[in-house]
Structure formats: C-alpha cells, structure tokens
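Everything quoted here is computed from the prediction, not taken from an experiment. Only heavy atoms go into these numbers, but all of them, side chains included; no hydrogens, no water, no symmetry mates. Every chain is numbered from 1 and lettered A, B, ... according to where its sequence line falls, protein lines coming before strand lines.
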Amino acid sequence: MIDLRLLRDDPDAARASQRARGESEEAVDQLLRADEARRAAVQRFEALRAEQKRLGKQMPKASGAEKAELLARTKELAAEVKAAETAVTEAETALRLAHLALPNLIEEGAPHGGEDDYVVLREVGERPEIPEPKDHLELGERLRAIDVERGAKVSGSRFYYLTGVGAQLQLGLLQLAISQAVEYGFTPVIPPVLVKPESMEGTGFLGAHASEVYRLEADDLFLVGTSEVPLAAYHAGEILDLDQPIRYAGWSSCFRREAGSYGKDVRGILRVHQFDKVEMFSFCRPEQAHDEHLRLLAWEEEMLAKVEIPYRVIDVAAGDLGSSAARKYDCEAWVPSQGRYREVTSTSNCTTFQARRLNIRYRDETGRPQVAATLNGTLATTRWLIPILENHQQPDGSVRVPKALQPYVGGRDVLNTVR
RNA sequence: GGAGGGCUCGCCUAGUGGCCGAUGGCGGCGGUCUUGAAAACCGCUAGGGGUGGUGACACUCCUCGUGGGUUCGAAUCCCACGCCCUCCGCCA
C-alpha cells in the first residue's frame with residue numbers, strides 16, 4: 001500500500017508511475033475518491049458521536065421531565081450514530097480495496113515498459129567456450145546428482161531428487177551463502193514455511209500471485225514461495241529500532257505451483273515446485289532503502305563471483321516489477337545449453353509498500369512512529385546448480401568445482417561421471 | 001481427538017454499566033541529589049484517524065483479541081469467531 005498523504009499531495013506522481021508500468025491511471029483516481037469519501041464519512045460520524053457523548057454525560061445528573069426529554073433525544077441520536085458508523089465502515093472497506101489495488105510507486109530511474117524493456121546494466125565474467133554443451137540435467141544424471149525421473153514417480157512433474165554430490169553441492173552453496181551473510185552482519189534465520197493467511201496477505205502474495213501459492217485447505221495455511229514471507233511478517237505490527245538496518249538471511253524450502261507455466265522449462269530443475277533458497281531481507285529507514293538495495297545487489301554479485309559463473313545484471317522494467325517493488329535488479333547467469341542468460345537472483349526495493357501492509361514501523365528523530373522500508377534479495381537457490389554444472393562442465397561430462405564449493409564435496413576439484 | 005484456562009497501554013497487573021483511554025508495579029527516558037555511580041525522590045512514558053495551523057501545536061473521534069448484540073451510555077452484560085496456554089489421549 002502506498003502512502004495516502006503522499007498521494008493526496010502529488011497524485012500526478014502516482015499517475016506517472018502507473019503509466020510507466022503500463023497500468024491504469026484510473027486506479028489512482030479511484031483511490032483518491034475512496035479516500036475523500038472515507039474522510040467525509042468519518043467527519044459525519046465524529047460530529048454525531050461527539051454530540052452523543054456530550055448528552056450522555058448529562059444523563060446521570062438529570063431527573064424527571066428533563067431526563068425523559070434527554071432520553072428521547074439520545075435515543076434518536078443513537079440510531080443516527082449507528083448509521084454513520086456503518087457508513088464509515090463501508091467507506092473504509094472501499095478505501096482498502098482501492099488501496100490494495102494500486103501497486104507501489106516506481107523508483108525514479110526504473111526503465112519504463114514491460115517484461116522485455118529491461119536494461120542490461122553490465123555483463124560480468126567470461127562465457128566459457130563449450131562446443132557442444134550438455135545441459136544440466138544430462139550432467140546431473142551422469143554425476144548421479146539429479147534424479148527427475150524418480151521425482152516424477154514419487155511426487156509428479158517438476159519434482160526431483162538431489163542425490164550424492166548434487167545434495168552436497170546444494171548444501172554447500174547454501175552454506176556458503178549463509179556464511180557470507182553472517183560475515184556481513186546478517187542474522188541467519190530458519191523460518192516456518194507454513195504461514196497464516198494474514199502473513200501471506202501482508203506480504204502481497206495473495207494478490208496477483210494467489211494462484212502460485214499452495215494452500216492447505218484443512219488447516220487454512222499457506223506454503224511459502226520464498227522465505228521473504230515469514231521474514232517480512234516476522235516483525236509485523238512492531239516498532240523497530242532502525243538506527244542501523246536490520247538484516248536477516250533466511251534459509252528455507254520454497255514452494256510454487258507454477259500454475260499457467262505448463263510446457264515452459266519442463267526439462268530439468270529450472271522451474272520446479274519445490275526448491276531451497278537463502279534469501280536476504282532488510283528492514284531500514286526509507287531514506288536508506290536506495291543504498292541498501294545496491295548493497296544487496298553487490299552481495300548477490302559477490303556470491304556469483306564465488307561460484308565463478310558469468311552473469312549479467314538487468315534493471316527490471318516497471319511493468320515487470322510486481323506490485324510491491326519500486327525497483328528490481330535481477331542477476332541472470334549464463335546457461336550454455338540454452339545460449340542465454342537465466343534469472344538466478346532478484347533483489348527488490350519495496351520501500352514502505354510492504355511494511356505499511358504489515359504495519360512495521362520505526363521511530364524517527366522526534367520519537368514518532370514512521371513506516372519502515374523493506375528489501376529482499378536472493379543469495380543462492382537450487383537453480384544455481386544449473387549454471388554451476390553447465391559452465392564448469394568438461395568435454396567428458398565431468399564438472400570442475402569452483403574453489404569456494406570444494407570444501408563441501410570432500411575437497412574435490414572435479415566431479416566425475418559415475419559408472 | 002477430549003477437557004479446561006486466558007486474551008487490558010513494552011512486560012506484569014487493577015478494574016462487574018456513566019467520574020475509565022483506562023489503576024498500580026516493573027522496565028525505559030528526563031531531572032534533583034552525588035566527585036562519579038548506586039539508592040532515594042520528582043516528572044514523562046500506547047497507537048491510529050479527522051479538522052485547523054507554514055510550524056512547534058491545538059481541538060476532536062476511535063481502539064481494553066476480532067466482529068456483532070443489549071443499553072441513552074459497554075473494558076465491564078450477552079452471542080459468535082480468532083488466537084495463545086495447560087492437562088489427558090494419540091503420534092513422533
């Protein structure tokens with residue numbers, strides 16, 4: 001949810017943001033009208049209510065005919081107050097709907113347009129020359145690292161087993177991510193992955209993403225698609241000390257239904273229903289958010305450097321930001337078998353949008369509560385195994401292990417085909 | 001699965017129909033005292049909304065888990081729901 005006061009002061013900023021996203025400007029005006037209507041309703045109610053309280057105070061002192069008259073008047077008033085209160089409730093509901101419907105204002109500088117209008121900020125690392133690259137699944141199967149056949153047998157399509165060095169590589173990768181995060185002052189967190197509806201709602205994943213989310217009907221709980229959800233909701237309703245940003249590194253499994261992606265990326269483990277991830281999450285003051293965002297990006301790039309894979313950084317266009325983000329940078333790793341870059345990290349600056357929903361605040365210099373800013377960014381996921389295997393493959397199907405990961409596979413620098 | 005108990009301002013707690021937005025303690029902050037500290041004493045210490053003002057601020061309304069009901073009037077009475085806790089059983 002965006003700041004309504006800001007919206008009243010400068011509705012054109014919101015309209016411009018909507019245009020950049022390729023979304024309706026009418027949503028802005030709807031919200032403005034709903035805001036206005038609510039304030040009018042509130043004022044009507046308050047006037048009546050004040051009168052009711054005033055007369056009510058006279059009641060104990062009154063007696064006889066005076067009391068009877070008072071009673072008659074207050075009785076009438078009571079009905080009016082109740083009607084006015086109902087009107088306020090209705091206006092508030094309408095406002096909330098309009099409020100939820102409007103996405104975050106984009107950060108100045110974010111590219112305008114849709115999915116394909118991203119801007120490449122830089123390409124980093126040398127793409128390897130591999131004449132006939134094997135894809136990650138073939139490599140993974142030869143190494144006995146990835147087993148999608150049995151994944152499908154046991155759980156269905158888009159499920160897999162990581163076995164042997166596959167399991168070790170993933171654990172090592174995530175461990176490496178946690179170690180780096182801790183080194184930079186993050187608090188490592190292993191959060192719950194089942195959350196209540198309000199936690200899911202608060203983080204904005206029940207809007208456009210609702211069909212992406214697994215819901216456990218019997219218990220009315222949701223499986224999280226990222227630890228961003230339990231990390232953001234961790235401080236819901238709290239007033240934090242944000243002299244310094246508060247940083248968490250969440251380690252969790254993530255679950256996604258991948259509804260509507262039938263036939264897309266069906267081979268291997270690029271797009272799966274369940275994977276593991278280490279996610280950075282920051283709470284900070286709004287004025288710190290921009291710099292914090294760049295720090296998160298830098299930490300992502302540091303991790304990519306550690307596993308020695310070529311990548312590029314893109315500045316995601318406004319129309320592809322999702323409702324919460326004001327700006328988003330993705331790192332895309334080079335995938336030799338596909339001859340293109342694929343997303344492996346994503347860092348979003350949600351400014352105060354998410355925190356406002358979750359009611360997460362801090363105290364400013366004057367001691368007044370203000371809405372905090374939240375940011376998130378990927379530090380490692382199962383998907384990283386793809387560029388790691390593919391970029392480091394050798395003609396015989398063996399795979400070189402990046403130095404940083406060697407300790408996690410028994411010190412080996414090469415993983416050899418099994419059998 | 002069964003049976004109980006509880007939800008009040010950071011924490012604990014008082015409050016059974018108007019004088020309660022709410023008592024007291026702890027903690028926190030500020031001050032007095034002290035060379036300094038402790039102790040003692042004094043003061044301050046929830047959040048949100050609306051209106052007015054450039055502003056410090058002023059006035060006002062809402063909030064005692066949530067929603068409804070009774071009543072002229074509800075933290076207090078009634079109903080429903082939610083959440084937390086304890087015990088028993090079962091499973092790990």
Side-chain angles (χ1 to χ4, degrees), chain A residues 1-10 31-100 190-202 206 215-222 229-230 233-243 246 283 285-286 352-372:
Chain A
M1 295 193 277
I2 67 160
D3 185 345
L4 283 181
R5 285 170 205 215
L6 225 92
L7 177 74
R8 281 176 217 154
D9 291 346
D10 188 6
L31 180 53
L32 280 169
R33 280 196 297 273
D35 176 46
E36 183 110 27
R38 179 188 143 270
R39 276 146 66 209
V42 163
Q43 281 174 51
R44 269 195 300 279
F45 164 73
E46 286 189 3
L48 289 167
R49 178 68 177 152
E51 174 74 356
Q52 184 185 38
K53 285 177 80 165
R54 199 176 62 76
L55 293 182
K57 283 213 172 79
Q58 298 173 14
M59 192 63 70
K61 294 176 241 158
S63 61
E66 196 187 348
K67 183 155 194 163
E69 193 188 325
L70 248 185
L71 249 171
R73 281 187 62 198
T74 48
K75 217 159 194 165
E76 235 172 86
L77 247 186
E80 288 177 46
V81 166
K82 182 173 280 186
E85 190 172 16
T86 304
V88 168
T89 306
E90 280 167 7
E92 276 172 350
T93 303
L95 174 63
R96 183 172 170 77
L97 286 178
H99 206 173
L100 289 172
I190 297 176
V193 294
L194 281 168
V195 300
K196 298 190 216 171
E198 63 250 47
S199 302
M200 211 60 178
E201 174 88 66
L206 286 188
R215 169 153 183 247
L216 301 195
E217 181 92 39
D219 301 284
D220 202 18
L221 288 170
F222 293 92
V229 173
Y234 188 55
H235 286 306
E238 299 180 18
I239 298 179
L240 307 173
D241 177 1
L242 285 183
D243 289 343
I246 297 178
F283 299 90
R285 294 167 175 247
T352 60
F353 188 87
Q354 194 174 52
R356 188 167 288 107
R357 281 187 173 198
L358 290 165
N359 193 25
I360 300 169
R361 294 170 294 172
Y362 68 97
R363 290 190 191 280
D364 65 16
E365 295 68 24
T366 69
R368 233 177 290 250
Q370 302 286 353
V371 180

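- Spacing of C1' atoms, B:rU45 relative to B:rA22, comes out at 15 Å, to the nearest Å.
- A:Gln354 and A:Arg357 share no donor-acceptor pair across their side chains, judged by distance under 3.5 Å alone.
- If you take atom C1' in B:rG17 and the same atom in B:rC12, they sit 27 Å apart, rounded to whole Å.
- Rounded to an integer number of Å, the gap from A:Leu48 CG to B:rU60 C1' is 14 Å.
- One can place CD of A:Glu238 at 14 Å from C1' of B:rC11, the figure rounded to the nearest angstrom.
- Note that CD of A:Glu198 is 10.5 Å distant from CG of A:Leu206, once rounded to the nearest 0.5 Å.
- Note on A:Gln52: only backbone sugar-phosphate atoms sit closer than 4.0 angstrom, heavy atoms only; bases stay farther off.
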Next item on the list: Determine, stepwise, if the pair A:Arg73 / A:Glu51 fulfils side-chain contact (heavy atoms from CB on, under 4.5 Å).
Entry: CA-CA 11 Å; A:Arg73 281 187 62 198; A:Glu51 174 74 356; 3.4 Å; yes
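- The side chain of A:Arg363 places an N or O atom within less than 4.0 Å of a non-bridging phosphate oxygen (OP1 or OP2) of B:rG47.
- With salt bridges taken as basic N to acidic carboxylate O contacts below 4.0 Å, none links A:Asp9 and A:Arg5.
- Note on A:Lys53: only backbone sugar-phosphate atoms sit closer than 4.0 angstrom, heavy atoms only; bases stay farther off.
- To the nearest angstrom, C1' of B:rC83 lies 13 Å from CG of A:Asp220.
- Atom-to-atom, NZ of A:Lys67 to C1' of B:rG18 comes out at 10 Å; the value is rounded to the nearest Å.
- In this structure, A:Glu198 places its CD atom 9 Å from C1' of B:rG82, rounding to the nearest Å.
- Atom CD in A:Glu51 sits about 14 Å away from atom C1' in B:rG73, given to the nearest Å.
- A salt bridge between A:Asp241 and A:Arg363 is absent, with no side-chain N of the basic residue lying under 4.0 Å from a carboxylate O of the acidic one.
- The minimum heavy-atom distance between A:Pro286 and A:Tyr362, with the atom names listed, is CD-OH, 3.4 Å.
- Taking CE from A:Met1 and CG from A:Leu7, the interatomic distance works out to 13.5 Å, rounded to the nearest 0.5 Å.
- For the pair A:Glu69 CD and B:rC72 P, the computed distance is 16 Å after rounding to whole Å.
- Other residues, nucleotides and ligands place no more than 12 heavy atoms under 6.0 Å from the CD1 atom of A:Ile190.
- Separation of the C1' atoms belonging to B:rG82 and B:rG65 is 8 Å when rounded to the nearest angstrom.
- Per the geometry, CZ belonging to A:Arg49 stands 12 Å off C1' belonging to B:rU63, to the nearest Å.
- Atom name C1', nucleotides B:rG73 and B:rC20: the rounded distance is 13 Å, in whole Å.
- Of all heavy-atom pairs between A:Val195 and A:Pro230, the closest is CG1-CB, 4.4 Å.
- In terms of heavy atoms, A:Ala372 sits closest to A:Leu242 at CB-CD1, 3.7 Å.
- For B:rG67 and B:rC72, the P atoms lie 23 Å apart once the distance is rounded to whole Å.
- RNA chain B is contacted by both A:Thr74 and A:Asn359; A:Asn359 maps to the nucleotide lying nearer its 5′ end (nearest heavy atom per residue).
- Between A:Ala41 and A:Ala91, the closest heavy-atom pair is CB-CB, 4.2 Å.
- Comparing the same atom, P, in B:rU16 and in B:rA80 gives a spacing of 24 Å after rounding to whole Å.
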Please write out each protein N/O paired with an N/O of nucleotides 68-70 of chain B under 3.5 Å, distance rounded to 0.1 Å.
from: B:rU70; atom 1: OP2; to: A:Lys82; atom 2: NZ; distance (Å): 3.4

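- Nucleotides B:rG5 and B:rC77 have their P atoms positioned 16 Å apart, rounded to a whole Å.
- Here A:Arg361 lies in heavy-atom contact (under 4.0 Å) with sugar-phosphate atoms only.
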Its dot-bracket string being built from Watson-Crick and G-U pairs below 3.5 Å, with | for another strand and [ ] for crossing, RNA chain B has the pattern ((((((((.[[[..)..(.....]]]((((((.......))))))(((((((....))))))).[[[[[..)....]]]]])))))))....
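- A distance of 13.0 Å separates NE2 in A:His235 from CD1 in A:Ile239, rounded to the nearest 0.5 Å.
- Here, B:rU70 and B:rU76 have their P atoms 15 Å apart, quoted to the whole Å.
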Between the protein and nucleotides 49-58 of chain B, which nitrogen or oxygen pairs are less than 3.5 angstrom apart?
from: B:rG49; atom 1: O3'; to: A:Arg38; atom 2: NH2; distance (Å): 3.2
from: B:rG49; atom 1: O2'; to: A:Arg38; atom 2: NH2; distance (Å): 2.7
from: B:rG49; atom 1: N2; to: A:Glu46; atom 2: OE1; distance (Å): 2.8
from: B:rG49; atom 1: N2; to: A:Glu46; atom 2: OE2; distance (Å): 2.4
from: B:rG50; atom 1: OP1; to: A:Arg8; atom 2: NH2; distance (Å): 3.1
from: B:rG50; atom 1: OP2; to: A:Arg5; atom 2: NH2; distance (Å): 3.3
from: B:rU51; atom 1: OP1; to: A:Arg39; atom 2: NE; distance (Å): 3.4

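- Using modelled atom types, one side-chain atom of A:His99 and one backbone atom of A:Ile2 make a donor-acceptor pair closer than 3.5 Å.
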